[in-house]
Amino acid sequence: RNKEYYYLSIYPDNLASNEIIKEGFTSLEECRMAANNLISQNKFENGRYECSKNCEKTYQPTSQDFDIKCKDSEQFSF
């Protein structure tokens, strides 16, 4: 349980299957700056990203995959 920090989810072409997740940001501004850096470094376009907090991470029992459920998130397009 890491409710006190933000998760960043980037969808480079708006597809959930290509999601990139980073975690551990202490503020919305820090999350957005990281998103903009990744987007410009990778020349992503026509996608969206979310900065979310109050999240719970649940691991799948049989693999390294996990789900993240968040109570608060803000979405941005690029």
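These numbers come from the heavy atoms of this one structure, side chains and all, not from hydrogens, waters or symmetry mates.
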Residue pair Ser9 / Glu50, side-chain donor-acceptor N/O under 3.5 Å:
no
Side-chain donor-acceptor distances from residues 33-43 under 3.5 Å, at least two apart:
residue, atom, partner, partner atom, Å
Asn36, ND2, Arg32, O, 3.0
Asn37, ND2, Met33, O, 3.4
Ser40, OG, Asn36, O, 3.1
Ser40, OG, Asn37, O, 3.2
Asn42, ND2, Leu38, O, 2.8

If you compare all heavy atoms of Tyr6 against all heavy atoms of Leu28, which two are closest, and at what distance to 0.1 Å?
CE1-N, 3.5 Å
Tell me, please, which residues at least two apart from Phe78 pass ring-ring contact (aromatic ring centres under 6.0 Å, His included).
none
Centre-to-centre under 6.0 Å for Phe76 and Tyr49, is that the case here?
yes
SG of Cys55 to OH of Tyr5, rounded to nearest 0.5 Å, is 9.0 Å
Are any of the side-chain nitrogens in Lys71 or Glu56 under 4.0 Å away from the carboxylate oxygens of its partner?
no
With the side chain counted from C-beta on, respond yes when Lys22 and Tyr7 share a heavy-atom pair under 4.5 Å apart, and no when they do not.
no
Counting C-beta onward and ignoring hydrogens, is there a side-chain heavy-atom pair between Leu8 and Cys51 closer than 4.5 Å?
yes
Roughly how far, to the nearest 0.5 Å, is the SG atom of Cys31 from the NZ atom of Lys53?
11.5 Å
Side chains of Ile20 and Pro12 in contact at under 4.5 Å (non-hydrogen atoms)
yes
In the structure I gave you, are the side-chain heavy atoms of Asn46 and Asn14 within less than 4.5 Å of one another anywhere?
no
Can a side-chain donor-acceptor contact be found between Gln60 and Asp67 if the only test is distance below 3.5 angstrom?
yes
For side-chain contact (heavy atoms from CB on, under 4.5 Å), just list the numbers for Asp13 and Asn18, CA-CA rounded to whole Å, side-chain angles, deciding distance to a tenth of an Å, and then say yes or no.
CA-CA 8 Å; Asp13 41 22; Asn18 294 336; 3.0 Å; yes
Of all pairs that satisfy ring-ring contact (aromatic ring centres under 6.0 Å, His included), the ones with a partner from residues 53-72, not counting sequence neighbours:
Tyr59-Phe66
